[in-house]
Amino acid sequence: MGGVPELETIPAMTSVRMADEVLEWFAVCARDLPWRRPETTPWGVLVSEIMLQQTPVNRVLPVWAEWLSRWPTPADLAAEPSGEAVRAWGRLGYPRRALRLHQAATAMLERHGGTVPDELDDLLALPGVGSYTARAVAAFAFRQRHAVIDVNVRRLVARAVEGVAEGPTSVSRRDLALVADLLPTDPETAARASAAFMELGALVCVARAPRCAACPVRDRCAWLAAGSPPSEGPARRPQGYAGTDRQVRGRLLAVLREATGPVEQADLDAVWDEPVQRDRALAGLLTDGLVSRTAPGVYALPH
DNA sequence: CATCCGTGGAT
DNA sequence: TATCCAAGGAT
C-alpha cells in the first residue's frame, strides 16, 4: 500500500549492492573532514555531531578545531564555567547545544570516568544527545553497526528506496529497520557505509537540485525511475525568524558573548526597542541557564 | 505531535 | 528581496 515496499520485498542482494556502490563513490568523493580522521577521539566525534546539528559543515570546521585544541577531553571542558562553552560556541546558532555539551562533559566525568560511553543507551542519556547523535557517535567513533538516519539519509531513502521526493520529518522504527537492512554485515564497513549515505545525501542527493547524473545509485533509484515526481501535500510553513524571540535572544546573547565581563542592563536594552519582548527573551535566557544575573541589573555568561 | 530554539550562505 | 536549507533535541 502507498507504494512503499515492505521490508521483505527488498532483496538483500539489492540492499548490499546499493551500499557497495555508495561506498565505492565515497572512497573517491568523500570530503576530508577532520572528525573523520582515524586519530580523532570519540570526544572529537561527539563535539562534531553536536555542532553539526542544523549547522553547515563549513561553519563548524573552525569552531570544532578551536574547541578540540582548547578542550581535548571532556574533563577539560567540564573544568571550565559553562559560560566559556557558550562564548566559544560563537555564532554557530542554537547556543543551548554548547550548554548541553558542557553538561554532557560533566556527566561523562561523573558516570563514565571522563570518557565518551560506547553504548547506545549511555549515549542517549547524555544531555543534548538524541537518537541521531547517539547512533552517529556509536557508529563513527566506535565503529559499531547502527542505522544512522539524519535528514540526508532520510531524503536518500525516500527517493532511492521509496520513490518519493521527501520522507516524513520524523524517523520511524520502520526507517531504522529499513536502513539497517541496507548496511553491510561487517561493523567497520557498516560504519563507513553510514558515513557514505550521509555524504551522498549532503553532496549529491541534495534537497533543492539533486545531481542525479553524478549519483552512484541512479540506476536503481525508485524516484528517478518514477520520473522524479515532486513532493506531495502542502509545503509546511517555515518558522520565520525576523521579529521573533529567537532573534532577540540571539542579539542579547551576542552582547554577552562579546563582552569580556558583566554587562549592564542598558547595554542589553539597546539591542531591542520593544521592552515586553526584550524582557521575555532575557527571562528565557536566564531560565535556560544561558545567562546569569550577577547583581541587580547586571548580567553575564553563566559560571 | 507541534513548536521552539540561531545563524548565515545559496538561490 | 524572500525563501529555503543545514549531520536535531527537548518539551
Side-chain angles (χ1 to χ4, degrees), chain A residues 26 30-31 33-36 40 44-64 86 89-101 103-104 123-141 146-157 165-166 168-172 175 179 191 194-203 205-211 231 235-257 271-272 277 280-281 283-285 287-291:
Chain A
F26 187 66
R31 292 167 291 182
L33 301 175
W35 43 83
R36 285 190 190 146
T40 300
V45 173
L46 174 60
V47 172
S48 78
E49 291 300 339
I50 301 285
M51 287 184 172
L52 287 163
Q53 292 169 3
Q54 303 287 286
T55 307
V57 165
N58 288 334
R59 216 176 309 164
V60 166
L61 284 167
V63 183
W64 181 85
V86 174
W89 197 252
R91 307 187 68 80
L92 285 183
Y94 295 143
R96 292 195 290 200
R97 293 181 292 167
L99 209 51
R100 301 229 166 93
L101 207 32
Q103 293 165 353
L123 286 163
L124 265 175
L126 297 173
V129 176
S131 174
Y132 162 76
T133 303
R135 290 167 171 278
V137 171
F140 302 146
H146 295 291
V148 182
I149 307 183
D150 71 335
V151 65
N152 293 306
V153 175
R154 190 68 199 79
R155 185 175 55 245
L156 176 66
V157 168
E166 58 186 50
T169 53
S170 61
V171 174
S172 67
D175 296 327
V179 172
S194 289
F197 287 149
M198 288 174 61
E199 191 79 336
L200 187 61
L203 297 183
C205 195
V206 295
R208 197 85 66 99
R211 304 169 45 211
S231 59
R236 50 192 186 285
R237 285 240 58 78
Q239 288 185 14
Y241 181 64
T244 62
D245 285 9
R246 293 157 77 177
Q247 183 179 27
V248 185
R249 287 166 58 107
R251 289 193 184 183
L252 291 170
L253 203 56
V255 171
L256 291 160
R257 261 198 327 260
V271 306
W272 201 258
Q277 188 179 24
R280 184 173 65 234
L285 289 170
T287 298
D288 291 348
L290 283 165
V291 174

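The basis for the numbers below is simple: all heavy atoms, side chains too, and nothing from hydrogens, waters or symmetry mates. Letters A, B, ... are given to chains in the order of the sequence lines, protein chains preceding strands, and every chain is numbered from 1. Please read these numbers as outputs of a predicted model, since none were measured by experiment.
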- Query: Does A:Arg100 put a side-chain nitrogen or oxygen below 4.0 Å from OP1 or OP2 of C:dG9?
  - Reply: no

Contact check, residues 129-136 of chain A vs DNA chain C, heavy-atom distance under 4.0 Å, returns A:Val129, A:Gly130, A:Ser131, A:Tyr132, A:Thr133

Would you kindly say whether A:Thr244 and A:Arg249 are connected by a side-chain donor-acceptor distance under 3.5 Å? no

(Q) Any donor-acceptor pair, under 3.5 Å, between the side chain of A:Arg246 and the base of B:dT7, if you only look at N and O atoms? (A) no

Dot-bracket for DNA chain C, 5' to 3', Watson-Crick and G-U pairs with both distances under 3.5 Å, [ ] for crossing pairs, | for partner on another strand, reads .|||||.||||

Q | OP1 or OP2 of B:dT7 under 4.0 Å from side-chain N/O of A:Arg59 | A | no

Sorted by chain and number, sequence neighbours left out, salt bridge (Lys or Arg N to Asp or Glu O under 4.0 Å) with A:Arg251 holds for none

For A:Arg246, the side-chain hydrogen bond (donor to acceptor under 3.5 Å, both in side chains) test, sequence neighbours excluded, returns A:Tyr94, A:Gln239

Contacts of A:Arg59 meeting side-chain hydrogen bond (donor to acceptor under 3.5 Å, both in side chains) (sequence neighbours excluded), chain-then-number -> none

**Prompt:** Taking the side chain from A:Arg155 and the backbone from A:Cys205, do they hold a donor-acceptor pair closer than 3.5 Å?
**Reply:** yes

Next on the checklist: Does C:dA6 have OP1 or OP2 under 4.0 Å away from a side-chain N or O of A:Arg155?
Outcome noted: yes

For A:Arg31, the side-chain hydrogen bond (donor to acceptor under 3.5 Å, both in side chains) test, sequence neighbours excluded, returns A:Glu199

Sorted by chain and residue number, the side-chain hydrogen bond (donor to acceptor under 3.5 Å, both in side chains) partners of A:Trp35 (sequence neighbours excluded) come out as none

Look at all strands and tell whether A:Leu253 reaches a base, only sugar-phosphate, or nothing, counting heavy atoms closer than 4.0 Å.
nothing

For A:Arg96, the salt bridge (Lys or Arg N to Asp or Glu O under 4.0 Å) test, sequence neighbours excluded, returns A:Asp288

Contacts under 3.5 angstrom, residues 129-136 of chain A side chains, donor-acceptor by atom type, not counting sequence neighbours:
unit_1, atom_1, unit_2, atom_2, d
A:Tyr132, OH, A:Glu49, OE1, 2.7
A:Thr133, OG1, A:Gln53, NE2, 2.9
A:Arg135, NH1, A:Ala147, O, 3.1

Identify whether any heavy atom of A:Arg96 sits under 4.0 Å from a base atom; if not, whether one sits that close to sugar-phosphate; answer base, sugar-phosphate or nothing. base

Give a yes/no on whether any side-chain N or O of A:Gln53 is located under 4.0 angstrom from OP1 or OP2 of C:dA7. no

Between A:Val206 and A:Pro127, the residue closer to the 5' end of DNA chain C by nearest nucleotide is A:Val206

